[in-house]
Each structure stands twice: as structure tokens, then as C-alpha cells.
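Accompanying notes for the structure given below.
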Amino acid sequence: MTNDTVCEEQRDEIPKDESDSPVDMESLPIYTSVQVTENNGQDGKPIWMSYGGVVYDVTNFISNHPGGSEMILKAAGSAIEPFWHVYRQHFASDLPLRLMERMAVGQLAEDDQDVIDEQMAEREDDPFEKEPERDNDHFIIHSDTPMNAECPDNVLSSNYITPGSLFYIRHHHQVPFLSEDEMEKYELEIDLSAYGRGVLKLSLEDLKKMRKVEVTSTLQCSGNRRSGYNKFQKTSGTAWGQGAISTAKWGGVRLIDVMKLAGLDDAIDAAEKGGMQHVRFYGLDGMEASIGIEKALNPYGDCLICYEMNGEPLPREHGSPLRMIVPGYVAVRNVKWLNKIELAKTEAEGPWQRGLNYKTLPPSVTDAKEIKIEDMPSMIEGSVFSGITKIKRSVATESAKPGDKILMKVSGWAWAGGGRNIVRVDVTSDEGKNWTTASVKEGSDQRFGRAWAWVFWECEVNCTIQDDGYAYLASKALDSAFNVQPESCEHTWNVRGLGNNSWYRVSTKLVQDA
């Protein structure tokens, strides 16, 4: 799209929280590091932490920490600086410090803060020093340590199979680095001990000797289009536009084949009689996620242990040497840098499965303490989504003015989770009073119920130029279960900003300022 085309989700400023008022730090009492350490949450005490010379009481924030309560509790009663040295996503926006300002209870003694600053200055380790080389010119960068970057609108649908150089990047931590020797000795552990079948270890060469399968599948970050929610109320997380979605042809071995090799002959027996309900995936970066056994061991579920991407060896950026591909599921279940698979009775531990990270809270809930997080399911299958990526005039016109109708050629993408096919995409230029049905092009021939990849669509729409010189467009998709995108995301707002699948809206300027 041109520079005069604006995604409506990013057009307006984020509303300011009326409770965001400056705290007079000078009026707060002074505490020592020893006093901070004493308040570590033990024996009924509050949980204090310090950062930048300020002492914070985070007791009431623990359950709302996006990275999970276990992670933040590692810093209980201590300085945050060493932790943020590793988890640098805290520097990607001002949100963490804005939230913390409300929790300030004191100042840290100047001498104690000097000691912390000296210790940090003396640290020579850089957890991100071995990151992959990147050409960042192609991306919209939200943070670079860890790297989180999306594909710009104008190139998002330029290739049905997204080149590796344009595939969106979503990392929680630094990219694991393996030496040449470690790569040669790399093994994948398949643990069926909970079912009495023991543990099998397979090398990369062992896996490559098995029958290779290729699956074209779209991956989308659960927070894609989070910026649209921020128009109504601030969320926590990366403010993605529509570009945290990409498609690749993945090559590897079927998960079901590897599980059979490890000794799981009868998945139904394992589930119904053995109580094995979940398959857990573990990554070298500490990621843990799981999926139900019904998907994992379904011969038509197409779950892959992947070592190739678009016909080339899987790059480090996207999970080398191995990653899971779980078609139709949100991307976080497609664990990168895979080193262990485990059959289990319960879902994976950790913040990405059981914590707040990937759970969609009700719109009225802004404090996780108000609900039982453990009773809420994590995001698994994707919903139905669409986006507009290109707009241009069908017929060149020398001049245009408000009130004129202009025929516009509009194109974009659509995708539904769970293998559900896209059956229709509609585009409106008058807030839904009239709709034009688009022609679905690439991806329209996918098998019913196994439509793991997006589709591309295009249509011509008559647009009326509004008084401000803009034309306004929106798209919505319909999938094979007849799910349709809602008009607005206001009623699906959630504090983590997950799953925004409302109409995709853009405006394009057709009358230039005099």
C-alpha cells in the first residue's frame, strides 16, 4: 500500500489511562537493599523489588505478569537490573515502567544503587551476542533483543510462500546457538515413560532417514493486530500490525511416525485407557508448550517434526535444527529449537501454556487475580482472519474530489485455524451497508478440512471519497464452519491483546492537499 494508506488500527492515539499520574519520588521513604531483600514474599511479607533507584511493591502484580508468576518471582527481594539484562523485551516500550510507577513505595539508598550500577557496568556477558545475522531493512522492528519483527503491508502478500528473508520473527528469548560439534551430536528425545514405553533418542540423521513429508502451513502470532485493541484500551505485549503472519513449505517427518517408532502403537489406547491426553514440546530456549493427543497423533493432522523450510535447511532464526509444525494452531504451539517431546497426562507447565501469556481473559477483567487462570484454556486453534495489503485505482484519474466514486482494486489475504477453508471474503467501502465478494485466488484449492495455509484474494470496489479526501475500506472472511469476523474488536478486548480478528480496516487518501 502507498504512504497515503493507513491501517485504521494505528490511526488513532492510544487512550491514556486516567490513573497514570506522576508519582513524587522525592516524597517517598528511603530503603536499603537489605530491607528490599527482607521483603521477598516469604512468611506473609510483601514482594519488593528495586530498579533504577526506586523500590516497588509488586505483590498485587504477580498474577498479572505476562511472563508468568514463576518468572517474576525469581527477582523477589532483589534488584531487577540483572534480569532485564537478559529479558530485554521490557525495554521495547514504556509500558513496564508505566505499570511499575503505580507500585513505587520508596527510594533505594543511593549507595546501594551505586553498587548495583557498578555490578551491571562490570558485566561483560551479552546474551544476545550470537544472534543470527539479519537484514532488518525488510521488517518493521518492534524489538531487537529479543527480535520481534513483522512484514510490512506492502510486501506481506507479494509471495504466497513467504521467503525466509520476509518471514515474521517472534522470539521470547535469545536465539540458541549450537557449535558445529553440538549440531553433529544433536538428538531429539522422545519420552514415553509416562506410558511405560521408555525414552528414545534420535539424531538428525536418524530423522532424515525416515519418510520425508512436506506441508504448507501458515503461522500467525496470537497477538497479531494487537495494535487494534490498543485503540480502545492499552494491552500488554508487542503492538503488532497485521504482519505477524507468514506461510512456508515445511519439510520433515510426521510426529505420528516418530511416536510409533518410540513405541506408541495405539494412540486411542494410550488416551482412553492410559490417560495420556497431551503431547508436550520443549525447546532449547526454555519454551514449553503442548497440544492434545487427538491433534498430535491424527494421521490427517499433519503435525511435523521439521528440519526444512521452503526446501532449504531450517534457519536458526526459525528453529534450527528442529522445530514443531502444528498446522492450524496458533504459532506458539509450533515450538522452535525442539529437543524433547513427551507424552503426558497433563498439559505443559510454564507461562506459555498455563500462565497468563496466551490466555484470553474476558473484556471486563484487567486483573488476573479476579479469575482462576488455571481454569481458562490457552489459545490453541486460530479463529478466522483477513487483511488488506494492496489498494490501487483501477482506472487512472487526473483529479478527484470529495463525493466522487472511484473504482479501486483491492487485494489481501485470509486464513482460518483448525484447517477450516476460507469460503468467502467480502469487502466494504461504506461501513458494511454494501459488500463486494472477492475472488479467492492462491490457496483456494486446499483440501477440505486441511486448509493449513492462507489464501490470497482480490476484488474491485466502488469507493466514495469522503470529505477528508479519504476512502475507507474493510474486509471480513468467512470460513467453512461459517465463522465470520466481527465488526469490532471492542467487545473482544482482552488485557493480553490476543486474537484480534475484527474487520480489517484501512483508509487511502485519494484527494491530495492543495
Side-chain angles (χ1 to χ4, degrees), residues 188-202 206-207 210-211 213 215 217 222 250 252-283 287-306 322-335 338-355 357-360 372-383 416-421 447-452 479-481 483:
L188 174 65
E189 179 180 310
I190 300 93
D191 186 354
L192 305 185
S193 55
Y195 188 54
R197 295 293 192 273
V199 176
L200 174 68
K201 293 186 178 182
L202 297 173
D206 292 332
L207 291 168
M210 299 177 67
R211 183 167 70 96
V213 176
V215 173
S217 179
S222 304
W250 308 98
V253 297
R254 291 191 186 278
L255 174 61
I256 188 173
D257 292 342
V258 171
M259 298 295 273
K260 285 181 178 179
L261 183 64
L264 185 60
D265 297 320
D266 190 338
I268 295 177
D269 179 80
E272 301 303 322
K273 296 182 180 180
M276 300 293 111
Q277 299 294 324
H278 301 269
V279 178
R280 299 177 173 184
F281 308 122
Y282 299 82
M287 168 68 73
E288 297 180 31
S290 60
I291 61 175
I293 194 171
E294 296 85 358
K295 170 68 173 179
L297 301 181
N298 183 344
Y300 297 106
D302 293 326
C303 293
L304 287 188
I305 299 170
C306 170
L322 296 171
R323 76 170 298 164
M324 277 306 305
I325 291 297
V326 185
Y329 278 28
V330 293
V332 71
R333 309 296 158 217
N334 296 251
V335 172
L338 183 72
N339 69 338
K340 181 181 177 180
I341 298 173
E342 179 184 22
L343 190 64
K345 292 184 177 182
T346 58
E347 64 180 349
E349 304 282 350
W352 298 283
Q353 192 76 33
R354 300 196 185 194
N357 257 2
Y358 289 93
K359 295 195 175 184
T360 304
K372 293 182 68 174
I373 286 289
E374 61 271 21
D375 290 344
M376 300 195 69
S378 287
M379 292 190 72
I380 302 295
E381 285 188 2
S383 186
R420 299 184 301 277
N421 301 67
R447 292 184 62 175
F448 185 81
R450 292 169 74 185
W452 309 127
D479 71 17
S480 54
N483 299 307

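In what follows, every heavy atom counts, from backbone to side chain, and hydrogens, waters and symmetry copies are set aside. This is a predicted model, so every value here is computed, not measured.
- In this structure, the side chain of W250 engages the main chain of S217 through a donor-acceptor pair within 3.5 Å.
- Separating the CD1 atom in I325 from the CD1 atom in I305 is a distance of 11.5 Å, to the nearest 0.5 Å.
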Where do L343 and V279 land on the side-chain contact (heavy atoms from CB on, under 4.5 Å) test, with the steps shown first? CA-CA 5 Å; L343 190 64; V279 178; 4.0 Å; yes
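- Judged as a ring-ring contact (aromatic ring centres under 6.0 Å, His included), and not counting sequence neighbours, W452 has no contacts.
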Please table the atom pairs, donor to acceptor, closer than 3.5 Å between any side-chain atom in residues 256-270 and protein atoms at least two apart or in another chain.
{"residue": "D266", "atom": "OD1", "partner": "I268", "partner atom": "N", "Å": "3.1"}
{"residue": "D266", "atom": "OD1", "partner": "D269", "partner atom": "N", "Å": "3.0"}
{"residue": "D269", "atom": "OD2", "partner": "Y195", "partner atom": "OH", "Å": "2.4"}

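- The distance from the CD1 atom of I293 to the NZ atom of K345 is 12.5 Å, given to the nearest 0.5 Å.
- Side chain of N421 to main chain of G449: a donor-acceptor pair is present (N/O by atom type, distance under 3.5 Å, no hydrogens or angles).
- Using modelled atom types, no side-chain atom of S290 and backbone atom of E347 make a donor-acceptor pair closer than 3.5 Å.
- Across every non-hydrogen atom of V332 and M287, the tightest pair is CG2-CE, 3.9 Å.
- Residues V215 and P327 approach most closely at CG1-CG, 4.1 Å, considering heavy atoms.
- We find the SG-OH distance between C303 and Y329 to be 7.5 Å, quoted to the nearest 0.5 Å.
- Among residues two or more places apart in sequence or in another chain, the side-chain contact (heavy atoms from CB on, under 4.5 Å) test is passed with T346 by R280, R354.
- Scored by the salt bridge (charged side-chain N to carboxylate O under 4.0 Å, His left out) test, E272 finds no partners at all (sequence neighbours excluded).
- For residues 288-302, the pairs satisfying salt bridge (Lys or Arg N to Asp or Glu O under 4.0 Å) are R254-D302, D302-R450, with sequence neighbours left out.
- K201 and E189 get closest at one heavy-atom pair: CE-OE1, 3.7 Å.
- The shortest side-chain heavy-atom distance between Q353 and F281 does not fall under the 4.5 Å cut-off.
- The two residues L304 and G252 have their closest heavy-atom pair at CD1-N, 4.2 Å.
- Evaluation of the side-chain contact (heavy atoms from CB on, under 4.5 Å) rule for A416 yields V384, R420, I422, D479 as partners, not counting sequence neighbours.
- Rounded to the nearest 0.5 angstrom, N334 CG and M324 CE are separated by 7.5 Å.
- To the nearest 0.5 Å, the span separating CG on L192 from CD on E342 amounts to 9.5 Å.
- Rounding to the nearest 0.5 angstrom, the gap separating the CD1 atom in I341 from the CD1 atom in I190 is 5.5 Å.
- Contact record, K340 with L188: N-CD1, 3.6 Å, taken as the closest heavy-atom pair.
- Considering all non-hydrogen atoms of both residues, R333 and V326 come closest at O-CG2, 3.6 Å.
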